[in-house]
Amino acid sequence: MPPFARKEIKNSFVKLLTQRPISQITVKDIVEDCGVNRNSFYYHFQDIPSLLEEIIVEMTEKVIDSLPEESTFEEKVTAALVEITRNKKAVAHIYGSNNREFYEKQLMKICEHVTRSYIHSRDYSEGVDRENLEYVISYLKCELFGQLIDWLNHDMSYDIVEHSKVLCRLFAGSMRNVCQKYKII
């Protein structure tokens with residue numbers, strides 16, 4: 001099989017996903033769009049759900065890889081949300097599909113990475129009992145995840161990037177204060 005076929009199949013599927021829900025996309029639609037034969041599709045993917053899961057995982061990795069290393073929590077959240085919202089129509093179709101649970105797990109993975117990488121990059125987390133630090137991380141990742149789910153459940157009708165910036169500014173310094181309460185040194 002040509003090495004480009006896998007990539008072309010994924011690109012065609014994402015393109016079609018921006019146009020219509022997953023339930024209205026067939027293998028025939030995908031192969032006609034990208035110009036490969038049906039056997040090529042099945043050589044690379046078991047079915048459309050397996051194709052979708054691979055794309056969601058790649059999207060997750062892309063978001064995580066795009067995060068600035070040394071940055072504020074607001075900058076990390078903004079970078080993640082900009083990447084997530086880059087293709088809102090496809091996200092809406094994924095969220096509205098039977099693969100919603102898998103997508104939510106990947107969103108939680110992003111929230112966990114954003115939170116954990118931010119907290120561990122801050123000197124005020126040093127000397128905090130590991131168990132308490134995990135509580136802080138758990139709270140913050142769930143708050144971030146909840147904001148994403150709320151936005152998705154409101155049909156992405158508001159600007160989640162601006163919304164999160166306001167929330168980050170509102171709670172600026174709160175993680176430092178929480179960590180200071182749990183210093184063991």
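For the single chain, residues carry numbers from 1 onward in sequence order.
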- prompt: Any donor-acceptor pair under 3.5 Å linking the side chain of D155 with the backbone of S157?
  reply: no

Test item: S40 side-chain N/O and V36 main-chain N/O as donor-acceptor pair under 3.5 Å: no

task: For the pair R116 and E134, find out whether any cationic side-chain nitrogen is under 4.0 Å from an anionic carboxylate oxygen.
output: yes

- request: Please work out whether the ring planes of H163 and Y158 are parallel, tilted or perpendicular, with thresholds of 30° and 60°.
  value: tilted

field: Side-chain (T26) to main-chain (D29) donor-acceptor, under 3.5 angstrom
entry: yes

message: For a 4.5 angstrom cut-off between non-hydrogen side-chain atoms, does Y95 reach I149?
response: yes

task: For L133 and H120, work out which heavy atoms get closest and say how close.
output: CD2-CE1, 3.7 Å

- prompt: Hey, are K62 and E58 close enough for a salt bridge, meaning a charged N less than 4.0 Å from a carboxylate O?
  reply: no

task: Report, as yes or no, whether the 6.0 Å neighbourhood of atom OH on Y139 holds more than 12 heavy atoms from other residues, nucleotides or ligands.
output: no

field: Short side-chain to backbone donor-acceptor contact, N153 and D150, under 3.5 Å
entry: no

message: Tell me whether R6 forms a cation-pi arrangement with F45, defined as NZ or CZ under 6.0 Å from the six-membered ring centre and within 45 degrees of its axis.
response: yes

H93 (side chain) donor-acceptor with I22 (main chain) under 3.5 angstrom: no

field: Minimal non-hydrogen separation, Q147 against I160, with atom names
entry: O-CD1, 3.9 Å

Salt-bridge criterion met for K109 and E112 (N-O under 4.0 Å): no

query: For I94, does its backbone N or O pair with a side-chain atom of S97 as donor and acceptor, under 3.5 Å?
result: yes

field: Side-chain ion pair, E74 and R169, N-O less than 4.0 Å
entry: yes

